[in-house]
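Lettering follows sequence order; numbering is per chain, from 1. As the structure is a prediction and not an experimental result, all values here were calculated from the model.
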Amino acid sequence: MSNKNSEKLFDMIGEIDDKYIEDAEKKKKPVGRIALSVAGAASVVCIMIFSPLGMNLLGRSHENSLPPLVPPDTVSKDAVTNEWGLVVSPDKEETDPLIYAEIITDTRYPADTKEDLLPPDDGGNVTATLPEAPDGEITIETAFEYPVDTNSSAETGKAPAVSTYIGKYPDTAEEPNLTVPVYVWYVDGNEVISATVTAERNTRDIFAAWKDKNGIGPEVELIGVKVTDNSKTEYVDYGGESIAKHTAATEWYMTVTVSVELENYFDSMGKELLYESLEKTMIGFADKRNLVSYELVLE
Amino acid sequence: MDDSKIVDLYFERSEDAIKETSKKYGKYLYSIAYSVLSDKMDAEESVSDTYYEAWKIIPPNRPQVLKTFLGKLTRRISLDIYRRRTADKRGGGEISLVIDELDECIPSSVSVDSELDSRLIKDSLDSFLGELGDSERKIFVLRYWYGKSYDEICDITGIGASKITAMLYRSRLKLRTKLEKELLL
């Protein structure tokens with residue numbers, strides 16, 4: 001039987017009723033966990049974190065490998081309620097999925113008022129709201145919890161391993177900027193070379209980093225970046241229901257528009273080199289393969 | 001953030017729509033894409049394309065269940081990338097095994113190129129899944145919707161690999177029997 005037919009069947013299976021897709025995702029709790037109550041497990045893990053035994057266990061690797069210790073993705077303070085919101089998303093790419101996500105603790109509070117175990121949402125993230133924080137630094141402790149090995153006979157009461165990240169967060173109403181390392185290309189004499197800088201991953205900040213590296217002043221502005229492609233979505237009526245049929249893009253086109261003041265730098269830096277450095281930076285930022293055309297417009 | 005509020009952001013054309021979508025469903029969509037593509041860069045591309053596509057089609061569409069709406073988009077886009085990649089003679093991975101298994105499900109007299117047969121197959125799939133037991137259905141969807149490996153299905157369900165193999169084989173036969181009965185009427 002042709003593989004094309006089975007590919008199409010695989011495609012059609014994609015359109016089954018939503019309820020079957022959602023139900024399939026629900027995970028079965030391992031036998032070891034069910035034996036412990038939520039409060040009991042929280043106590044076990046809290047004791048583990050703060051006891052000498054716990055401190056010894058923290059350094060030991062578990063047979064289901066622990067994820068790397070990562071800080072929470074976002075920490076922000078709501079200006080209205082004065083509550084700290086926390087979202088933690090452990091790196092699960094290389095590890096087994098978590099059955100429970102983490103305990104959120106705050107070292108300002110005694111152990112018996114700590115939060116219960118918080119399960120992750122469907123995206124694997126845990127969101128918690130902590131009580132009002134005083135001004136200044138606070139320390140937030142997060143712990144990841146893993147199931148006992150489900151392929152062996154689980155011992156009731158065996159404490160799961162934890163990994164702990166302890167982070168200090170400043171008292172700020174702003175969300176911390178999520179900056180990433182990016183490549184910026186700049187003119188150095190007769191060549192164009194790259195440097196790694198940290199910037200927020202958007203066109204405005206990448207362009208600002210490019211200007212900074214090339215010594216270009218504020219009079220040169222990024223007017224716009226337009227990326228278009230040849231993808232298409234068609235809607236087919238099927239039994240009264242509209243079904244989308246999507247064709248992914250195979251070609252991308254990028255147009256970058258910059259203010260005409262860039263011409264003031266052509267003599268000192270070389271027009272071709274300057275253009276080359278900007279193109280490499282913007283294409284690198286866009287991270288798009290199958291880029292068919294790039295165009296720079298000055299206006 | 002609640003799904004309805006996220007959808008409202010799309011209708012308001014606020015860029016926070018993508019940010020909130022990514023925060024809530026980014027990892028879920030990535031896991032779907034990675035199951036199909038087995039490649040980090042391709043999976044990231046698929047998820048980016050999903051956000052872009054969602055931005056284009058919401059509005060006018062207002063998804064009833066945002067998660068599965070996005071999941072289906074990602075799955076479709078990932079399959080497009082997979083097809084492009086196999087045309088370039090690259091890739092393979094778990095998903096090629098998943099697709100090969102589905103060979104057993106299509107009766108030889110059926111052509112899925114025929115629009116009539118395609119419509120009937122889509123109708124039959126939901127009815128087929130409704131007739132399966134809970135575990136059978138869950139395992140079928142994990143394998144053929146999510147593209148999960150046998151090991152991953154074991155971890156999620158707690159069922160041993162040989163039992164999963166047997167259940168999937170029986171489910172594929174049941175699907176073939178159902179399609180033969182319904183399409184040859």
Side-chain angles (χ1 to χ4, degrees), chain A residues 1-31 73-74 87 89 92-93 96-97 121-125 127 147 150-151 202 227 229 231 233 235-236 238-239 242-250 287-290, chain B residues 23-28 34 40 45 48-49 52-53 56-57 61 64-65 67-69 71-73 75-77 79-81 83-84 95 98-106 108 110-113 118-119 121-123 125-126 129 134 137-142 144-146 154-158:
Chain A
M1 184 56 56
S2 101
N3 208 253
K4 206 172 164 198
N5 270 344
S6 35
E7 253 183 46
K8 288 198 176 175
L9 179 58
F10 181 77
D11 205 354
M12 286 182 219
I13 289 172
E15 303 307 320
I16 58 174
D17 197 299
D18 289 353
K19 65 175 183 266
Y20 297 136
I21 301 166
E22 289 177 55
D23 283 347
E25 258 209 305
K26 287 169 189 166
K27 290 175 185 166
K28 183 178 171 179
K29 291 179 188 174
V31 171
D73 289 342
T74 56
V87 176
S89 307
K92 295 198 287 288
E93 274 187 40
D96 293 339
D121 63 21
D122 292 333
N125 298 322
T127 304
T150 56
N151 293 323
N202 59 69
V227 176
D229 63 63
S231 69
T233 301
Y235 291 90
V236 178
Y238 173 52
S242 180
I243 293 181
K245 180 184 166 186
H246 170 82
T247 307
T250 56
D287 196 25
K288 302 288 183 199
R289 289 168 289 165
N290 299 321
Chain B
K23 202 157 112 176
K24 191 167 184 184
Y25 295 123
K27 286 181 189 283
Y28 169 72
Y34 192 84
K40 187 170 185 255
E45 179 188 337
S48 289
D49 289 350
Y52 186 59
E53 189 60 26
K56 287 199 294 184
I57 62 178
N61 293 279
Q64 289 189 338
V65 182
K67 183 179 179 184
T68 48
F69 179 87
K72 285 178 175 178
L73 263 183
R75 193 181 180 280
R76 228 178 280 132
I77 290 168
L79 190 57
D80 285 344
I81 295 173
R83 284 182 177 128
R84 208 165 62 225
I95 213 62
V98 171
I99 290 174
D100 281 346
E101 285 171 18
L102 289 174
D103 255 356
E104 298 168 18
C105 300
I106 308 178
S108 51
V110 168
S111 161
V112 294
D113 282 329
S118 296
R119 289 186 177 196
I121 291 173
K122 279 180 179 165
D123 274 341
L125 279 169
D126 276 338
L129 288 170
D134 288 347
R137 178 172 50 246
K138 180 174 179 134
I139 289 169
F140 186 91
V141 173
L142 285 171
Y144 301 117
W145 197 93
Y146 282 97
C154 287
D155 284 343
I156 294 169
T157 61

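Once rounded to the nearest 0.5 Å, the distance linking CG of B/Asp126 with CD1 of A/Ile13 reads 11.0 Å. Interatomic distance, CD of A/Glu15 versus OG1 of B/Thr68, reported as 10.5 Å (0.5 Å rounding). Between atom CG of residue A/Asn5 and atom CD1 of residue B/Ile99 there is a gap of 12.0 Å, rounded to the nearest 0.5 Å. Rounded to the nearest 0.5 Å, atoms CD1 (A/Ile21) and CZ (B/Arg75) are 8.0 Å apart. The CG atom of A/Leu9 lies 11.5 Å from the CD atom of B/Glu104; values are rounded to the nearest 0.5 Å. Taken to the nearest 0.5 Å, the CG atom of B/Leu129 stands 5.0 Å off from the CD1 atom of A/Ile16.
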For A/Asp11 and B/Arg83: C-alpha separation, side-chain torsions, deciding distance, then whether side chain to side chain contact (heavy atoms under 4.5 Å, CB included) applies. CA-CA 11 Å; A/Asp11 205 354; B/Arg83 284 182 177 128; 3.5 Å; yes
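Remark: B/Phe140 engages B/Phe128, B/Tyr144 in a ring pair (Phe, Tyr, Trp, His ring centres under 6.0 Å) (not counting sequence neighbours).
Taking every heavy atom of both residues into account, B/Tyr146 and A/Ala24 meet most closely at CE1-CB, 4.3 Å.
With a 4.5 Å cut-off on non-hydrogen atoms, A/Asp18 touches chain B through its backbone and its side chain both.
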